[in-house]
Structure formats: structure tokens, C-alpha cells
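Heads up: the structure comes next, in C-alpha cells.
Keep in mind that the numbers below use all heavy atoms, side chains included, and drop hydrogens, waters and symmetry copies.
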Amino acid sequence: IREYLGEWWIIVADLKPKPEQAEESVMDLSERVYTVLKNNPTLDGLVNDSYVTRWDSEGVPHERGSLVGARLILEVYKLVT
């Protein structure tokens, strides 16, 4: 039986002078995070299973450029006996 442990939010953010630079940087970093999570669903034995259920991003203007953030939501499960 799997017990739902909850959702873990992983946030990746970057501030760059131009919006497209910030977007590219955050997308590259969040893709790497996604790949790591997908290839290690047990999180090195911390849980029995996990998977990304949501991945979104948003950008906002900032006085020093553009701030972009991405959020990955990871559902985590543990086996119970």
C-alpha cells in the first residue's frame, strides 16, 4: 500500500537584464531538475516513489531586469506495510 506523503515544491528562479535571457536560464535549469527527479524517483531511498505533477513558470519585470521563476510540484509516496 502506498501512502501519499504530500507535494514538494521545487522553485528555480533567475534575474537577468533581458526577459529572454531569464526565461532561457530558468528553463534550462528546470529541465535539468526535472531530469534528475525523473531519473531518481526514490530520491536516493528517501521515498518509494515520486513524480512531477506540475511544471509552470512566470516572469515579472524587475528594476534590474526580468525575474523568471519555474515551479515543479513533486508528489511523493512511501510504502506502508
Side-chain angles (χ1 to χ4, degrees):
I1 299 174
R2 283 189 338 167
E3 177 186 0
Y4 174 70
L5 296 178
E7 294 179 344
W8 295 356
W9 288 22
I10 297 93
I11 306 295
V12 177
D14 200 359
L15 175 65
K16 297 283 188 191
K18 296 182 180 179
E20 57 276 1
Q21 292 172 327
E23 180 72 23
E24 183 178 344
S25 172
V26 167
M27 287 297 99
D28 287 346
L29 290 169
S30 62
E31 285 173 10
R32 285 192 234 162
V33 169
Y34 176 81
T35 300
V36 168
L37 294 172
K38 183 178 177 188
N39 291 331
N40 187 7
T42 66
L43 306 177
D44 291 335
L46 185 61
V47 299
N48 291 101
D49 196 17
S50 67
Y51 56 93
V52 174
T53 59
R54 185 173 179 142
W55 183 1
D56 52 19
S57 67
E58 187 169 331
V60 294
H62 187 274
E63 62 189 29
R64 294 186 309 183
S66 180
L67 178 63
V68 175
R71 172 183 65 169
L72 292 90
I73 298 179
L74 185 72
E75 282 192 10
V76 294
Y77 296 89
K78 191 82 171 169
L79 291 179
V80 292
T81 55

Got more than 12 heavy atoms from elsewhere within 6.0 Å of NZ, K78? yes
If you look only at pairs with a residue in residues 18-30, which of them pass as a salt bridge (Lys or Arg N to Asp or Glu O under 4.0 Å), with sequence neighbours excluded? none
For Y77, check side-chain hydrogen bond (donor to acceptor under 3.5 Å, both in side chains) against everything at least two apart and list the hits. Y51, E75
All N/O donor-acceptor pairs, side-chain side in residues 61-69, below 3.5 Å, sequence neighbours left out:
unit_1 : atom_1 : unit_2 : atom_2 : d
H62    : ND1    : R64    : N      : 3.0

Contacts of R32 that satisfy salt bridge (charged side-chain N to carboxylate O under 4.0 Å, His left out) - sequence neighbours left out: none
Residues pairing under ring-ring contact (aromatic ring centres under 6.0 Å, His included) where one sits in residues 11-30, two or more places apart or in two chains, turn out to be none
Can you name the residues that form a salt bridge (charged side-chain N to carboxylate O under 4.0 Å, His left out) with D56, not counting sequence neighbours? R54, R71
Sequence neighbours excluded, which residues qualify as side-chain hydrogen bond (donor to acceptor under 3.5 Å, both in side chains) partners of N39? none
Kindly list each side-chain donor-acceptor pair under 3.5 angstrom involving residues 2-17, sequence neighbours excluded, with atom names and distances?
unit_1 : atom_1 : unit_2 : atom_2 : d
R2     : NH1    : D49    : OD2    : 3.0
D14    : OD2    : S25    : OG     : 2.5

Just so I know, are the side chains of L72 and S30 near enough to count as touching, which here means a heavy-atom distance under 4.5 Å? yes
Say whether L29 and I73 are linked into one hydrophobic cluster, either directly or through other cluster members, by side-chain heavy-atom distances under 4.5 angstrom. no
Tell me whether V36 is reachable from V33 by hopping between hydrophobic residues (I, L, V, M, F, W, Y) whose side-chain heavy atoms are closer than 4.5 Å. no
Going by side-chain heavy atoms closer than 4.5 Å, which hydrophobic residues are tied to L79, directly or by a chain of links? none
If you round to the nearest 0.5 Å, how far is CG of L74 from CH2 of W55? 13.0 Å
